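Just below is one structure, and these are the notes that go with it.
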Amino acid sequence: MNDDTQIAVDVRDAVKRYGDFTALQKISLGIRDNEFFTLLGPSGCGKTTLLRMIAGFEDVTEGAIFLYGDEIATLPPHQRPVNTVFQNYALFPHMTVLDNVGFGLEMRGASKADARKKAGEMLDLVQLTQFAARKPSQLSGGQQQRVALARALAPSPKVLLLDEPLSALDLKLRKAMQIELKHIQRETGITFIFVTHDQEEALTMSDRIAVMSAGSMQQLGEPKDIYESPRNMFVADFIGETNLLEVSVDAINDGRAVCHLGGGHELTCNAVDEVGVGSTVHMSVRPERLFLSDEPTESESLKGTVVENIFIGTDITTIIDLNEGPNFTVRTSNSDRGTKRIFDPGTEAYVNMEAGSARLLVD
Amino acid sequence: MNDDTQIAVDVRDAVKRYGDFTALQKISLGIRDNEFFTLLGPSGCGKTTLLRMIAGFEDVTEGAIFLYGDEIATLPPHQRPVNTVFQNYALFPHMTVLDNVGFGLEMRGASKADARKKAGEMLDLVQLTQFAARKPSQLSGGQQQRVALARALAPSPKVLLLDEPLSALDLKLRKAMQIELKHIQRETGITFIFVTHDQEEALTMSDRIAVMSAGSMQQLGEPKDIYESPRNMFVADFIGETNLLEVSVDAINDGRAVCHLGGGHELTCNAVDEVGVGSTVHMSVRPERLFLSDEPTESESLKGTVVENIFIGTDITTIIDLNEGPNFTVRTSNSDRGTKRIFDPGTEAYVNMEAGSARLLVD
Amino acid sequence: MSAKTDVKTYPGFKFMTLLCLVILYAPLVVVTVYSFNASKSITVWEGLSLRWYVDVFVGPESGKFKQAAINSFTIAIVAATISTTIATTAATAIVRGGKFRLRTASLGLISLPLMVPEIVTAVALLIFYNSVGFTRGYLTILVAHIAFCIPFAYLPIQARMQGIEDTFEQAAMDLYATKAQAFRRVLLPLMMPGIISGFLLAFIVSLDDFIITNFVKGAGVETLPTAIFGSVKQGLKPNIMAISTMLLSVSIVMVTISYFVSKSDNTK
Amino acid sequence: AEGDLVVYHWFEYMPQELLDKFTAETGINVTMDTYDSNEAMLASLKAGGMGTYDVAVPGDYMVSIMAGEGLLDTIADGELANKGNIAPEWADPSFDPGRTHSIPYQWGSTAFSVDTEAYSGDINTTDILFNPPAELSGKINMLDSQGEVMALASLHMGIPQCSTDREQLKALNEMLVNAKAHWASFNSDTAKEVLVSGDVAVGMIYDGFGAKARSEKASLQYAFPTQGYVVWMDNVVLLNDAPNRDNALKFMDFLLQPENISAVSNYARYGAGVSGVGDFLDPELATLPESNPPATAGQGAFIEVCDEATQAVYDQIWTNVKK
Amino acid sequence: MAGGAASGGSSASDTYAEARNWLLLPSWVVLSIFVLAPVLMMLVYSFLTKEFRGGVIWEFSLNAYDQFFFDRGLFGDEAPKIEWTYIAIFWRSIWQAGAATILSLIIGFPTAYFIATRPEKSRAMWVFLITIPYWVNLLIRTVSMKFLLRDQGPLNDFLINIGLIDSPLHIINTNLAVQLGLFYSYLPFMVLPIYASVERYNFALSEAAADLYATKWVTLRRILLPTVKPGVIAGCILVFVPSLGAFLAPDLLGGAKNFMIGSLIEEQFKGNAGNWPFGAAASMILLTMVLIILLIFARQQRKAEAVS
Ligand SMILES: Nc1ncnc2c1ncn2[C@@H]1O[C@H](COP(=O)(O)OP(=O)(O)OP(=O)(O)O)[C@@H](O)[C@H]1O
Ligand SMILES: Nc1ncnc2c1ncn2[C@@H]1O[C@H](COP(=O)(O)OP(=O)(O)OP(=O)(O)O)[C@@H](O)[C@H]1O
Ligand SMILES: NCCCCN
Ligand SMILES: [Mg+2]
Ligand SMILES: [Mg+2]
């Protein structure tokens, strides 16, 4: 049809309004063929809305959506070669597992026998063959999730949409299913569009992530980019834990900005185009990028008093009061227990970071 | 009454049966005065049952419970000097916030005016003074949680029971409330018995933790002990992520056990009384206790091939195939990015740990 | 959402809904409209008039209707009050009494008046009163109404109570309230919307009952429905339409109150 | 209860004004309950109604049935001051010899009215009901009253009312079942209303009720079939266990005064069974076509009381008609 | 409603367990004396001997049931054949009630569905609109229906005026009138339970079906209907059962021409017939039928609950 054959779903300036409430504001994004693509954002930011527009359950108010080059706006859902794994699975409660999985094939005109045969194969894929005759209510949450997956995969859709498919599962099962999902995506080569509001899940599973907030796109990129180079306040705060501090930029030399923290403390960070001298902006430093010492080091070093150590298993979180300046949270991995000292509450310590660990943010 | 004045709640051989289902099997534990004590365990393990027995909503089938030395089995709930913060708060929807908080005082015979006065003070403590006249439905989840806390604290109970009070809150609010709860416990000095199934929450907040499973106590200790010295398979697996491997014990010398992993790999760990030579048991090593290198180090070192690196923000998880042996998960903190190399998938690497990092477990 | 893409919308369903409303309301509208007809004949429209409303209060049958209205309302109030009280205690036992052997039997007994066809209940009561020698009159109607109103009062109360988690009482007892205090101070206020709609339901059901009342009523003791029936049998007259319209208004007021009460959910 | 009287009465048969007059004269409060057939009244009394009513107003044959059932109290000599007012021809009827239980109330006939706009042929034949011309089929209302329908049907067939002849009974059964196909409805209390409103063109009806119907719709005409028609007399009876026996007797005396009973006649348009009413009657009553059978009219016949076994067969036929 | 009370919920809360016998006592006393005992007495009466012209003789007899099921000819002396008369009356009742039920379903289902798919705020208002007429006296509703349906009534006037028909439709005093009357009497009973189950219906199932290439009507048939079946069955029962025993509609709208069960029973106690044991037996047979229907329903409901 056209040249973008490697683009599976192309959302162009899509706007969605409910009455006078705008749920999505001019979203544009291209999702590549074979990609594990994640929509990440807080509750109510419009993730489901976007997914439902692609699936055909919501009209596009403005803009257009292309599927492998074809506009799909006028196609009703049952004519789109796109399948969905629903958040609560939406398994048909009155049908057996096998009939659930075969339903889409039957609707596409397969004979009952053919549908069952193919459905059986899909159940093999998700390792549920022995549950074929059960009703969905007789399965555990994780098993139901796999049935939903098999059902959506059975008609070999071009794109698979997954709306928070793991959010109803408990932690252990969730981790296991993450691995399984990723595995199946690689095996089938189908483009996955995955919705979650769990950052860790997004970081672990995705090829690329689109971070959304309040109906608009905040940042699109690979997991590492998004974690380590958040483009703005929202992304920095939403993804992972961070120390967010208000700073004023005192000087900029050679691409390095000297920032004032209050309480007489100063830090140097990489300058950002949008931020000039004299402006007050936010700065973000990840707690794991900080380390403590009893003497100032050659790198950036700020003196403070330890308030509390909190043991969280893999790590210890230390809260430091910089006196008159802000509080800092420092994360020390347990793997460093041999090399790094843990400071008791009340003792003085220096907070250190390597140059470039702190990032200035636009709002 | 007797000498155990420092023991607030003493549960002795308590058994709870529902028909022929045993929900709690001979639980014994002593909760100290002023302690922040946590009951931790998976869903259905009996946490709520134990709490309800202390509060008086369930009979004790066998055994006894003492409160500051007095047996309380025969006291109905309204005569026990113990208050509860319910999981869903159970705020009285038809009463104002102030009346909710004053209810317990009134029931204890305080005049309406006195009850209101004391209730007002409690609302100060939880910083909700300006919401006194509202109905609970007009408050946010976090505010409701604080009202529930104030209501339970108002009659100055000797022990406060909290049944998963944070589980209905979202992540950000939950973290904030954890800090506030801990703070109030320190301030009031009341013994808190806290129920959760969230290990991180338990590790962060507690003075001591009792880990339960299927109605019985698995381990009781401080957070660090439980994380770092899990007593058995269940605790090791339930608390945090771990590498659980089946090993056979080849030899024991000087309190060190030489363990065989399969695939020709060997490891040395601290011996455990219950485990003799020739037995096959499980071994646990935390992923953050492992590190990778391109050459074997002087410490325990196993050769393998990197399968995958998973970026999870603060850390990178690397999966290593030991060839013919088990897979290992290694966690590298992002804070070590300067000092530690990340191995690409497919490359060979050595998995290292310091002596004593691996622990033998009884089942 | 356009109808084409919205999987929830079915063409024609809206039309059927409107048709349904037309069917439900047409007869009532006709009655209401004709109650304002000046003509004595129901078939001829002679202009607007309140004459039949006046007739209800001062016409030759006004005495009969007045007495019937007094009977109907007093019976409805007393029957609804007693049956609601009985239903409230029964619901407390069934919803808050744990599992017990007679639970299913009790539920069955309470739903019995709903399951037995009304004509059967009516005849059964007639035989019963007759053979135990109760003289039929005001009291026999009242007792019958109390009995068959119980399930109507019970249903909303039970539904309401099931929606109230028992942690509310437990919280009260945890806060040093006795069981009785927990009931009075916490459970009862929370159940109030259910109790009120149960009361209103029972009230209307009692006010409305014809079949059973007709069998068990005594000589000369009429309720509005039996009085109306007596008159209606000789043809639908405008004064009956006026009474019907007034009763309709009472019903609407009651249902409206019950609707708003049940909407004011104080557990949220 | 001092000062009360409970009357069990036919519907639309007693002017309210007359009751008010009685109350004004005696201070007795009257409660009235109504029924629409003799049989319904009997059933209701037997199903617990005894002991609540003082008087009822059964038709002739029902008086003997009720007496047979032991439902009636005996009026001793001298208890009724106005007993002498009873017209001689009604003073000793076969259904209550010596008038020991009852006094006359009203008498009249039962036949049917036809809307002459809908049918212009000869109406004085029971064929109109039981074998109607095509244009009347489906436009006939029958009284929902077993006794009257069966009696008229027997007249139509020319057989005795309590026949024990199997062939006659089978034929009667067959005739009625076939005739039912032509009937639109069974209504007693709306017998007039359905005629006036035009819902039906033929309606079985009592003569006075028919007269009232005619006054509302002039094209209605009351028929006197050549095969005969039903005549009846309704009577006020004193019920056993009457809670207000004295008041009941006062009421009976009241109704035996010509002035009072003629008020009923003027209202209901039937004949009174009391001497000396002439002065009080509406003059129009004398010339009512409904109470003046033409020469062609057949014999009037009272409804007869059958024995239990025979009645069972008639009940069965009635069920066959209504099933 | 019948199903509603019987379910009672599964909560096993036991705060007031000690007091439960006292709390239940009033309902037990009132209901056993004034509902259960009369029904049992009715059962006893059905096995007694009839008294001529009403009443019973206290002698055991199966005559009532014999009369119901066996035809011994007009004179009661023929060899017993199956009696079709009462079976036919029951059958007619079933048929009339069934027709009314189907009519209610045809109108009620789309209505219930439409209401359940309104925005949550306006739903209560729609339900309210549907319930109001139900609170108006059944008698008045039936009589106004009669008025409406008459040959010269407003319906015919209207249809003639808009030119749809030339001469009045003759509906009154026909089976159709009875069916319409029953349908009108109990329509809200059909709408409400269906509404309740469609409201609980997870529309994601319809979306899942559409997502899997099913058209709307296929979705209706294969997904929606099977899922809301308990509500549909409840609605059908709530219309069918009271219709079965009705006697106002047949009496007022059907011209009292053809007995239905209700009028047959009434006739035995208040009408010409005066055969009490037979009326009691007919009542017992009706009650048995109703209980069987409810049992089947309860079983269905349990099955449906087991699935979801
Ligand atoms: N039918 C609707 N009418 C009006 N507003 C709607 C409708 N559907 C969604 N919205 C609004 O649009 C916004 C986006 O909703 P959406 O469901 O897409 O959020 P989400 O990102 O999926 O959130 P979550 O993580 O909670 O599922 C929300 O503010 C929501 O309230
Ligand atoms: N009333 C009861 N009758 C029978 N079994 C019960 C009852 N209450 C609890 N149980 C069972 O006892 C076990 C322990 O239940 P409990 O509620 O104490 O678990 P829990 O640890 O609080 O779980 P969760 O984290 O899900 O709240 C469960 O298996 C539960 O099913
Ligand atoms: N209107 C009453 C007539 C009585 C016939 N017996
Ligand atoms: Mg969503
Ligand atoms: Mg619990």
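Naming convention: chains lettered A, B, ... in sequence-line order (proteins, then strands); numbering from 1 in each chain. No hydrogens, no waters, no symmetry mates; every other heavy atom, side chains included, goes into these values. It should be emphasised that the depicted structure is a prediction, and the values quoted were computed from it without experimental measurement.
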For A:D237, is it the side chain, the backbone, both or neither that has a heavy atom under 4.5 Å from a heavy atom of chain B?
-> both
Do B:I310 and B:I319 touch side chain to side chain, with heavy atoms closer than 4.5 Å?
-> yes
Under 4.5 Å to a heavy atom of chain B? For A:E241 that would be neither
Reported CG-to-CD1 distance for the pair A:L40 and A:I239, which is rounded to 0.5 angstrom = 4.5 Å
Mind telling me whether B:Y227 and A:F311 have parallel, tilted or perpendicular rings, with 30° and 60° as the class edges?
-> perpendicular
Which bit of B:Q178 is near chain A, if near means a heavy-atom gap under 4.5 Å: side chain, backbone, both or neither?
-> neither
Among B:T314, B:I312, B:T317, which residue forms the greatest number of heavy-atom pairs with chain A at distances under 4.5 Å?
-> B:T314
Measure from the side-chain N and O atoms of A:N352 to the backbone N and O of A:F291, and report whether any donor-acceptor pair falls under 3.5 Å.
-> yes
